[in-house]
Amino acid sequence: MNKTELQQHDREHLLHPFTDFQDLGQQGTRVITSAEGAYITDIDGNRLLDGMSGLWCCNLGYSRKEISNAIYEQLNTLPFYNSFFQCTTVPSIELADVLAEVTPAHMNNVFFTGSGSEANDTNLRLIRRFWDLQEKPEKRIVISRMNGYHGSTIAGASLGGMNGMHKQFQPLDYIEYVQQPYWFGEGGDLSPEEFGIQAARSLDEKIQELGPEKVAAFIAEPIQGAGGVIIPPETYWPEVKKVLDQYDILLVMDEVIFGFGRTGEWFGSDYYGLKPDLMTFAKAVTNGYFPLGGTMVSDRVAEVIKTKGGEFTHGYTYSAHPAACMAGLVTINILRNEKIIENVRDVTGPYLAKRWAELAEHPIVGETRSLGMVGALELVKDKASRARFDDNCTAGGVCRDLSNKHGLVMRAVGDAMVIAPPLIMTTEQVDELVEKAHRALDDTAKALA
Ligand SMILES: *Cc1c(COP(=O)(O)O)cnc(C)c1O
């Protein structure tokens, strides 16, 4: 099929995730045909620097034959076996071992799933089971944050705080939402430090309102990813930690984006010095090469689940899929052997921070922020008042399309432009990214003038 035929068949048969089908019908999909290193190539032969690592997945880029070969060999040896009924496979044991090593010291057990959404479903099951076995069945409510993202199953989308999603289904009734630590959008005249404290106190207020004895857990991303790469003010996490320590409430960190090195530490929890009870992972664990997710379980929770009560009546056919686990093992080995995360922390992360911050000078940029290999910038019509170009935040989409035209993949979240480039990016490629982003901003300013 040629490009036009592919687009036509796509329109006729493929329902895409998070897509306006009328829009798609008019514009047609972009057909991506190959990828190499930090670049993707489309069907017209355009080569784009991938500033998004696929969908926050391909931290090692697209050319790691070690991973694909290991998957292939595993599929030829034992393509599938389940881990129900007291059975197991070698790669799943080995990956569980390695995960216990690279995650925080108090986390030594893993429950495997096929995705991040499923892992958050698993978290809900584990939270309930934990409190029931502790004979505290009144602890039922899970607190989450507005504009957080935790996946798209009913549990994942209920845990998330995305209004656009909540409007299209019935969220679970035992989930409550508190303020997000989004200073640029909601901080008003407060300093970032003051606002960070305020956002953390909103959690305390909610706990008081609900009654601490009824609150089972608090779930959050260390930094909101899909919400727009919202890096909380420095005061936020220490204050949240203080609040949670006062009450007996489990902390669930959703590390689906920030796990496996994005901040320059193995996990966002390491970066912020947090000690979660449960930790969700997916995406980069296999470098995006094979679907795999899971949740790391702290010793405190694992003790209870493993020694009290009987069967934990939960699991997925593809929990601990051997080829997926093999992909995870090789990915983690590469991260370790090539000291990729240390390089982000010491070299490319600081370099990206310096170069990305230069974009704040641009007339239509209200703020830039970055950490490790992740960043965002806010498009504004007026820097001083932080006023947007229009109420529907359509400038982001304009900038994204122009960015593609200049050979760079950036994502638009409303009027925030976000990047999460592969961790293997060189400083030269960081220069290329910033230069292309600059040109896209110039063109966006012209288009919106
Ligand atoms: C992507 C994502 C999920 C959902 O993972 P899926 O594999 O798409 O189900 C959950 N949480 C966060 C923070 C994510 O970014």
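The figures here come from the full heavy-atom set of this structure, side chains too, leaving out hydrogens, waters and symmetry mates. Both ligands and their constituent atoms are indexed starting at 1 by order of listing.
Relative to atom 11 (N) of ligand 1, the option among Ile223, Leu159, Asp254 with the closest non-hydrogen atom is Asp254.
When hydrogens are left out, the protein atom nearest atom 7 (O) of ligand 1 is Gly116 N, 2.9 Å; that is the closest non-hydrogen contact. Taking atom 9 (O) of ligand 1 as the reference point, the nearest protein heavy-atom neighbour is Ser117 OG, 2.5 Å.
Checking only distances, Ala282 never comes within under 3.5 Å of ligand 1, N or O to N or O. Looking at ligand 1, you won't find any N or O of His150 less than 3.5 Å from one of its N or O atoms. Considering backbone and side-chain atoms together, Lys283 places an N or O closer than 3.5 Å to an N or O of ligand 1.
Contacts between Trp56 and ligand 1, counted as non-hydrogen atom pairs separated by less than 4.0 Å, are absent for every part of the residue.
Close contacts between ligand 1 and Glu221 involve ligand atoms 13 (C) [criterion: under 4.0 Å to a heavy atom]. In summary, the atoms of ligand 1 found under 4.0 Å from a heavy atom of Ile257, numbered by their order in the structure, are 15 (O).
Using a cutoff of 4.0 Å between basic side-chain nitrogens and carboxylate oxygens, Arg386 and Glu378 are not scored as salt-bridged.
Residue Thr295 forms a side-chain hydrogen bond (donor to acceptor under 3.5 Å, both in side chains) with just one option from Asn123, Thr280, Thr122, and that option is Asn123.
Checked by atom type, the side-chain pair Asp254/Asn120 shows a donor-acceptor distance below 3.5 Å.
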### Derivation of the salt bridge (Lys or Arg N to Asp or Glu O under 4.0 Å) call for Arg201 and Glu205
CA-CA 6 Å; Arg201 299 314 305 173; Glu205 284 154 25; 5.9 Å; no
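You'll find the side chain of Pro422 stays beyond 4.5 Å of the side chain of Asn59, heavy atoms only.
Tyr289 does not carry Arg64 over the face of its six-membered ring by the limits of under 6.0 Å from the centre and within 45° of the normal. Geometric assessment of Arg47 against the ring of Tyr39 yields a positive cation-pi assignment under the 6.0 Å and 45° thresholds.
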